[in-house]
Peer 1: 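Here it is, the structure, as structure tokens.
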Protein chains: 2
Amino acid sequence: MSNAYNRPDQLSPELRRRVLETARRLGYPGPDPVARSLRTRKAGAVGLLLTENLSYAFRDPAALGFLEGLALACEDAGTGLMLIPASPEREDVAAVHRAGVDGFVVYSVPDDDPHLAAVLERPVPTVVCDQPDIGNVDRVGIDDRSAMYELAQHLIAMGHRRVGVVCMRLARDRNDGYVSVDRQHAAHFHVQRARLAGLAMAFSEAGVDWSKVPVVERFDHNTASGEAAAAQVLDRDPSITALICTSDILALGAMNEAKRRGLRVPEDLTITGFDGIQEAERAGLTTVRQPVLEKGRAAGKLLLDVGERTRPRSVNLSTELITGTTAAAPRTIAEERWFGP
Amino acid sequence: MSNAYNRPDQLSPELRRRVLETARRLGYPGPDPVARSLRTRKAGAVGLLLTENLSYAFRDPAALGFLEGLALACEDAGTGLMLIPASPEREDVAAVHRAGVDGFVVYSVPDDDPHLAAVLERPVPTVVCDQPDIGNVDRVGIDDRSAMYELAQHLIAMGHRRVGVVCMRLARDRNDGYVSVDRQHAAHFHVQRARLAGLAMAFSEAGVDWSKVPVVERFDHNTASGEAAAAQVLDRDPSITALICTSDILALGAMNEAKRRGLRVPEDLTITGFDGIQEAERAGLTTVRQPVLEKGRAAGKLLLDVGERTRPRSVNLSTELITGTTAAAPRTIAEERWFGP
DNA sequence: TGGAGTGACCGTAACGGTTCAGAACCAATT
DNA sequence: AATTGGTTCTGAACCGTTACGGTCACTCCA
């Protein structure tokens with residue numbers, strides 16, 4: 001029976017024909033994939049854990065790029081890709097337990113997320129992305145800290161010393177406003193924590209008291225958040241010469257806000273982003289490009305690679321500083337006197 | 001055992017504690033989802049069949065909107081969403097057979113696609129989107145024919161009689177060029193067939209010989225294709241006053257080409273699209289908006305709705321004609337004389 | 001003609017859960 | 001003391017497949 005469908009060489013054409021004919025007559029719909037999976041111990045699919053409203057994954061360009069890369073890797077391998085329903089509201093971890101998959105990819109979830117814990121309990125290989133090294137799982141990501149450090153040095157070399165920072169959600173609780181240094185260190189999103197650490201290091205080395213640098217956080221990740229956050233920083237600290245955003249989306253929002261205030265970029269205010277999404281490129285944003293699609297593809301490859309899985313592997317992809325047209329040396333008061341505002 | 005995990009009320013707390021403790025000591029990782037699925041006959045996931053390189057789904061705004069809507073419906077229901085690897089190259093239908101899912105959503109595949117046939121053989125509920133009514137499955141879509149008919153009438157009312165058409169892939173074979181009326185009728189993509197039929201009807205009624213109207217097809221769906229197709233039409237028929245595209249993406253490409261040729265839109269050339277994507281709105285395109293996100297959500301709801309599944313249901317969503325700034329009455333020769341070109 | 005070798009076919013035992021019938025137990029009622 | 005009722009617990013059947021070993025018939029060669 002099974003052979004008739006899956007191993008035609010194991011039986012005579014005649015018998016095969018008879019079996020298939022009878023099966024059809026009896027209304028047999030072909031082998032049941034679930035039973036097959038149980039027997040062969042292969043589900044033929046990998047799960048993607050996102051802990052974010054799924055629409056986020058489809059609207060955020062960086063997440064979308066990752067998703068595409070992962071999907072490509074799965075397609076190459078002929079494997080299904082299962083999106084696990086795990087919104088942040090829903091504490092319900094059952095979906096993770098119920099998923100019939102051969103492995104998980106975990107994309108940028110807070111390190112205290114219960115879904116992540118549930119995934120790690122499952123006895124299947126896992127690849128985490130944009131997370132610190134944890135447990136016995138593979139990892140793929142970039143060196144967020146160094147990348148941001150480099151960007152900061154770029155600004156420092158231009159002469160920026162009074163800066164403000166706009167960052168994404170640092171933990172699962174909503175905190176739309178200023179961020180203490182403690183909260184920065186305790187951030188549960190590795191990516192954000194690392195980027196802030198890179199900034200802190202660079203500016204501290206340049207003699208700037210980091211604890212005095214205004215850092216504001218936004219829970220939602222869209223341009224409206226970027227606008228509001230930028231407004232908050234500029235209201236309290238109109239004298240800053242640069243606004244460093246930890247994502248391009250936030251930076252694009254900040255650009256809008258600057259424009260609304262009549263601030264010229266970069267003459268009056270330098271704005272930088274992070275990610276290197278297409279919209280940022282169009283806007284000429286100074287930012288750090290990271291290979292989001294490659295990240296997804298690498299995660300998929302790592303998970304689907306049947307090779308030796310002796311010890312956890314860690315893949316670091318490289319980033320590139322994009323010097324756009326939104327960063328320039330701050331004009332000094334003296335210059336303002338000479339050339340006018 | 002099972003009860004300890006899933007039905008705490010069926011046994012004493014003491015026993016439950018003991019069972020769980022022992023399980024942990026023995027390194028038992030919790031119930032196996034696949035075995036559970038086999039027994040309960042529920043996989044907790046729905047499959048999405050796209051027959052298109054998966055990256056298409058993540059790059060094309062309309063497909064992306066559909067995907068988002070579907071994902072939202074799945075998230076609401078706590079169901080997983082599995083992307084089935086079925087690129088057009090790969091004739092391999094095994095992935096459809098192997099997918100452990102409770103149902104399928106089929107999005108805009110040619111009606112002779114082997115993957116579609118494989119899905120229909122599976123004894124699980126199926127919802128097709130942007131397809132004609134087939135077999136015993138639910139359907140969700142729009143009335144492409146009427147929507148396009150309405151758009152055509154809008155142009156006809158403006159006075160357009162000499163028009164050209166740019167359409168998407170009509171079948172699985174690549175045919176980048178002119179399309180015979182036969183091929184139009186035989187198109188395997190229902191959506192494209194219906195839209196062309198709507199145009200043919202409207203223009204025939206207006207006294208235009210449809211068989212003389214240039215219709216060019218492009219296999220790939222991106223702005224570059226739109227540009228090339230528009231060029232092809234304009235090269236052969238410089239006298240057309242309107243270029244009707246069956247998607248916004250193609251229309252945006254056509255706009256680029258018009259600009260390159262120094263043709264003003266809409267003064268020299270009217271261009272229309274179809275879909276109502278955001279980029280089109282920004283460009284002020286005259287187009288037909290269809291509720292892509294709602295389409296995805298409706299498909300998901302239909303599939304996940306446990307209600308009576310006696311006979312196939314068919315959901316038609318409504319569309320809206322968007323009168324943008326890319327369509328206007330054609331200028332007559334007389335007008336040209338008066339006002340200059 | 002006998003024995004080994006070959007290929008086709010068939011029967012059965014897992015895979016790991018869920019479910020359900022019934023056993024075992026205890027308490028309350030007749 | 002025996003019956004009844006109710007709860008907690010145990011064991012076995014079943015879901016549908018694949019892997020594997022065994023049977024059987026047949027051929028080939030000595």
Side-chain angles (χ1 to χ4, degrees), chain A residues 1-45 47 78-80 82 93-104 118-119 121-125 306, chain B residues 1-45 47 78-80 82 93-104 118-119 121-125 306:
Chain A
M1 181 72 219
S2 167
N3 288 336
Y5 280 90
N6 309 317
R7 235 174 312 257
D9 51 312
Q10 292 294 310
L11 44 91
S12 61
E14 157 60 13
L15 178 66
R16 178 176 149 87
R17 193 195 54 73
R18 249 177 46 232
V19 169
L20 260 43
E21 204 278 326
T22 313
R24 199 167 43 73
R25 192 162 42 74
L26 264 46
Y28 173 75
D32 180 309
V34 176
R36 183 212 301 267
S37 289
L38 173 61
R39 183 64 240 240
T40 59
R41 326 244 50 178
K42 285 257 145 284
T79 317
M82 182 151 139
V93 169
V96 172
H97 289 138
R98 202 167 26 216
V101 295
D102 298 323
F104 283 96
V119 163
E121 275 171 14
R122 289 272 308 259
V124 293
V306 289
Chain B
M1 179 73 217
S2 169
N3 288 337
Y5 280 89
N6 309 317
R7 236 176 308 261
D9 51 312
Q10 291 296 310
L11 48 97
S12 60
E14 158 59 12
L15 179 67
R16 179 176 149 87
R17 193 194 56 71
R18 247 178 45 232
V19 169
L20 261 44
E21 204 277 326
T22 313
R24 199 167 42 72
R25 194 161 42 74
L26 264 47
Y28 174 74
D32 179 310
V34 175
R36 183 211 301 268
S37 289
L38 174 60
R39 182 66 239 237
T40 59
R41 325 246 48 178
K42 284 260 146 284
T79 316
M82 181 150 138
V93 170
V96 172
H97 289 138
R98 201 166 26 214
V101 295
D102 298 323
F104 284 96
V119 164
E121 274 171 16
R122 289 273 308 259
V124 292
V306 288

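Throughout, protein chains are lettered first and strands after them, A, B, ... in sequence-line order, and every chain is numbered starting at 1. Just so you know, these numbers use all the heavy atoms, side chains as well, and skip hydrogens, waters and symmetry mates.
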Peer 1: Tell me the closest heavy-atom pair linking B:V34 and A:L38, and the distance in Å.
Peer 2: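 Heavy atoms of B:V34 and A:L38 come nearest at CG1-N, 3.4 Å.
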Peer 1: Rounded to whole angstrom units, what separation is found between the CZ atom of B:R98 and the C1' atom of D:dT18?
Peer 2: 15 Å
Peer 1: Which heavy atom of B:G78 sits nearest to which heavy atom of A:R98, and what is that distance?
Peer 2: O-NH2, 3.6 Å
Peer 1: Just the rounded figure in Å: distance from P of D:dG16 to NE2 of B:H97.
Peer 2: 17 Å
Peer 1: 5'-most contact on DNA chain D: B:E14 or A:D32, nearest heavy atom basis?
Peer 2: B:E14
Peer 1: Describe, as an angle rounded to 10 degrees, how the axis at the first end of the helix from C:dT1-D:dA30 to C:dT30-D:dA1 is tilted relative to the axis at the last end, five pairs per end.
Peer 2: 60°
Peer 1: How long is the line joining CG of A:L38 and C1' of C:dG17, in whole Å?
Peer 2: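 So the two atoms are 8 Å apart, to the nearest Å.
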Peer 1: Starting at atom CG of B:D102, determine the distance to atom P of D:dC15, rounded to an integer number of angstrom.
Peer 2: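 About 18 Å, once rounded to whole Å.
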Peer 1: Starting from P on C:dG16, measure out to CG on B:L26 and report it in whole angstrom.
Peer 2: 14 Å
Peer 1: Check the phosphate of D:dG16 against B:R41, side-chain N and O only, distance under 4.0 Å to OP1 or OP2. Yes or no?
Peer 2: yes
Peer 1: OP1 or OP2 of D:dT17 less than 4.0 angstrom from a side-chain nitrogen or oxygen of A:Y28, does that happen here?
Peer 2: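 True: A:Y28 side-chain N/O within range (under 4.0 Å) of D:dT17 OP1/OP2.
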Peer 1: Quickly work out the A:R17 CZ to C:dC9 P distance and round it to whole Å.
Peer 2: 12 Å
Peer 1: So, using side chain to side chain contact (heavy atoms under 4.5 Å, CB included) as the criterion, who are the partners of B:R18 when residues are at least two apart?
Peer 2: B:E14, B:L15
Peer 1: Taking the nucleotide of DNA chain D with the nearest heavy atom to each, does A:P33 or B:P13 sit closer to the 5' end?
Peer 2: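 Closest to the 5' end, via its nearest nucleotide, is B:P13.
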Peer 1: Which pairs, protein N/O on one side and nucleotides 25-27 of chain D N/O on the other, fall under 3.5 Å?
Peer 2:
none

Peer 1: Rounded to the nearest angstrom, tell me the gap between atom CZ in A:R36 and atom C1' in D:dA19.
Peer 2: 14 Å
Peer 1: What pairs meet the side chain to side chain donor-acceptor pair (under 3.5 Å) rule with one or both residues in residues 30-43 of chain B, with sequence neighbours excluded?
Peer 2: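 For residues 30-43 of chain B: A:D32-B:R41, A:R41-B:D32.
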Peer 1: Does A:R122 form a side-chain contact (heavy atoms from CB on, under 4.5 Å) with A:V119? I'd like the steps, not just the answer.
Peer 2: CA-CA 5 Å; A:R122 289 272 308 259; A:V119 163; 5.7 Å; no
Peer 1: Please step through side-chain contact (heavy atoms from CB on, under 4.5 Å) for the pair B:V124 and B:D102, ending with a clear verdict.
Peer 2: CA-CA 6 Å; B:V124 292; B:D102 298 323; 5.9 Å; no
Peer 1: What closest approach, in Å, do A:V96 and A:F104 show between heavy atoms, and which atom pair accounts for it?
Peer 2: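 The pair with the smallest heavy-atom distance is O-CZ, 3.9 Å.
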Peer 1: Which of these nucleotides, D:dG16, C:dG17, C:dT18, is closest to any side-chain atom of B:N6?
Peer 2: C:dT18
Peer 1: Return the minimal non-hydrogen interatomic distance between B:G100 and B:A45, and the atom names on each side.
Peer 2: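 Nearest heavy atoms, B:G100 then B:A45: O-CB, 4.5 Å.
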Peer 1: Among C:dT18, D:dC15, C:dG17, which is the nearest nucleotide to the side chain of B:T40?
Peer 2: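 Closest nucleotide to the B:T40 side chain: C:dT18.
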Peer 1: Would you mind telling me which of C:dG17, D:dG16, D:dT18 lies closest to the side-chain atoms of A:A35?
Peer 2: D:dG16
Peer 1: Using nucleotides 12-14 of chain D, report all nitrogen or oxygen pairs with the protein that are shorter than 3.5 Å.
Peer 2:
unit_1: D:dC14; atom_1: O2; unit_2: B:R39; atom_2: NH1; d: 3.0

